[in-house]
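Ligands are counted one by one from 1 in listed order, and the atoms in each one are counted from 1 as well.
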Amino acid sequence: MGSGVMIGIDLGTTNCCVAVLQGGSPTIINSRQGQRTMPSVVAFADNGDELVGVTAQRQAVTNPNRTIYGVKRLIGRKFKEPSMQSWNKSVAYDLCAAANGDAWVKTRDGEFSPQEISAILLREIKDVAEDYLGEPVSSAVITVPAYFNDGQRQATKDAGKIAGLEVKHIVNEPTAAALGYGIDKDREQTIAIFDLGGGTFDVTIMRSADGVFEVLATHGDTFLGGDDFDHALMEYLLDEFENDFQHDLRDDPVALQRLKDACETAKKELSSTPTTSINLPFICTGPSGPMHLRHDMLERELLEDLCSELLDRLDEPCHQALDDAGLTADEVDQVLLVGGMSRMPGVQLKVEEIFGKISSRDVNPDEIVAIGAATQCAIMTGELQDVILLDVTPHSLGVRVKGGRMSRLIAKNTTVPTSEKKLFATTSDDQDFVEITVYQGESEMVDDNTLLGRFILGDIPKRKAGEINVEVTFLIDADGVVSVTAKETLTGKQASVKISPSGGLTATQIDEASGRGPRRAAVG
Ligand code: ADP
Ligand code: MG
């Protein structure tokens, strides 16, 4: 049995943060460059080196199509989804379809699953933690957006495995944030966790009392984050440049990368100053020589105008989460801001508008999730005893029944782990098998929901319709991973599946990736 230390990892779309419990309190482990977070960026250099974090980010301008960021947005998605098509257009690297249709990354070094790219980040985190601690790190708690489905959670575990980390637990990011925050504040309260990061938005309503954290409801948008704010500003400046100089920079990956960096920097600056400027000399060469992109006096108000639609999109998930929790905004005692984007004054104003109160300012929005993950490690090793974590499943789960309807076994926002049973009867005479088709989603009709998997229970006794009963059991473990069993009640014959989504990596693919490091197949 390998002992080794367990670390808590916030594997973010934009930034990673890692913490470990030391002397009873969670401590952030600095990156190789001495920073408290590490950009979630991986790059392949000309000499064959894999670059990670700041080192990868720094060379993005000169190596745009082999520099991969935002890979978490690809996890559990199909290449042909519209969101992937538009992501493919907005980034300098290429996406491609894996054999099973999953969205993968393609560079001239090969084709890479998002799990493999995430594993490169995790391996770096593991190495840095081992250097810092002076002992082996064997396992981890990794956080994911609350809205991640089963397949996305599984993919995150696979990434850990490829990196040589046993993922002991997957925790929802807002839950981790509350855990990190609540650890030394155990008065009874209702908290809203508002997490706006680089790529995803989550809002979660929780209750904490006597060291017990209970998630009441969770909602979000997996395609709303800081990148979109950067893009809004970028589009404005691209249009402005085109108007002024009749030159479109959209086909120039190097120019786009420089502009993206400049826009992000400007956006961050505008959180603390009312105006800034953008100055990119020699952005490209036009018909009459070098051209420069310049915008003086860029105002916070302009940024907020450009982003007003994005800001408005924060409303609905918050109201939905409150509704699901059966609460009004007044009943929320505290709003916790998480994620770098929550530093934008426009976002803070929005939060005040929605919840009718000032959010708490005494947490570091970049670190609180990792702190919570490390706290969860301590709960799991038994170092911390008087805290219990109750999490919920974000989607309803059920099976397909007659007429394409969904029969719900587990309602959304049920506390996990959980298990539910339901009896079904055969619908035709002499039927000798039943097909169990598992869906997740809120619609009455399965076609509007997401197919999770299907399996067949065969060789059941032939009888008249309705005479044979099949008992279906759903089990969700503490990581949110679903298994389904069907049992024919007369003979006791049963079949079951661990829901493996239609995408993801196979066990062989995971083994290959962990054995060899990232795959380097030649691209034809
Ligand atoms: P993730 O959870 O996706 O990894 P983070 O919580 O690290 O993301 O947030 C990253 C986002 O926050 C980026 O879009 C970044 O530009 C933005 N951000 C960081 N600091 C600030 C700031 N001071 N003002 C506005 N946005 C910021
Ligand atoms: Mg985050």
Discussion item. Once side chain to side chain donor-acceptor pair (under 3.5 Å) is applied, what residue pairs with a partner in residues 302-313 remain, sequence neighbours excluded?
Written reply: Asp221-Arg313, Asp312-Lys350
Worksheet item: Can you name the residues that come within less than 4.0 Å of ligand 1, going by heavy atoms only?
Response: Gly12, Thr13, Thr14, Asn15, Gly197, Gly198, Gly199, Gly226, Glu264, Lys267, Lys268, Ser271, Gly339, Gly340, Met341, Arg343
Side-chain donor/acceptor pairs under 3.5 Å, residues 251-259, sequence neighbours excluded:
unit_1: Asp252; atom_1: OD1; unit_2: Val254; atom_2: N; d: 3.2
unit_1: Asp252; atom_1: OD1; unit_2: Ala255; atom_2: N; d: 3.2
unit_1: Gln257; atom_1: NE2; unit_2: Asp261; atom_2: OD1; d: 3.3
unit_1: Arg258; atom_1: NH1; unit_2: Pro281; atom_2: O; d: 3.3
unit_1: Arg258; atom_1: NH1; unit_2: Phe282; atom_2: O; d: 3.1
unit_1: Arg258; atom_1: NH2; unit_2: Pro281; atom_2: O; d: 2.9

Worksheet item: Regarding Thr450 and Gln440, is there a side-chain donor-to-acceptor distance under 3.5 Å anywhere?
Response: no
Discussion item. With a 4.5 Å cut-off on side-chain heavy atoms, are Ser113 and Glu116 touching?
Written reply: yes
Fill in: Which residues share a salt bridge (Lys or Arg N to Asp or Glu O under 4.0 Å) with Arg73, sequence neighbours left out
Asp227, Asp228
Discussion item. Is it true that Arg77 and Thr222 share a donor-acceptor pair across their side chains at a distance under 3.5 Å?
Written reply: yes
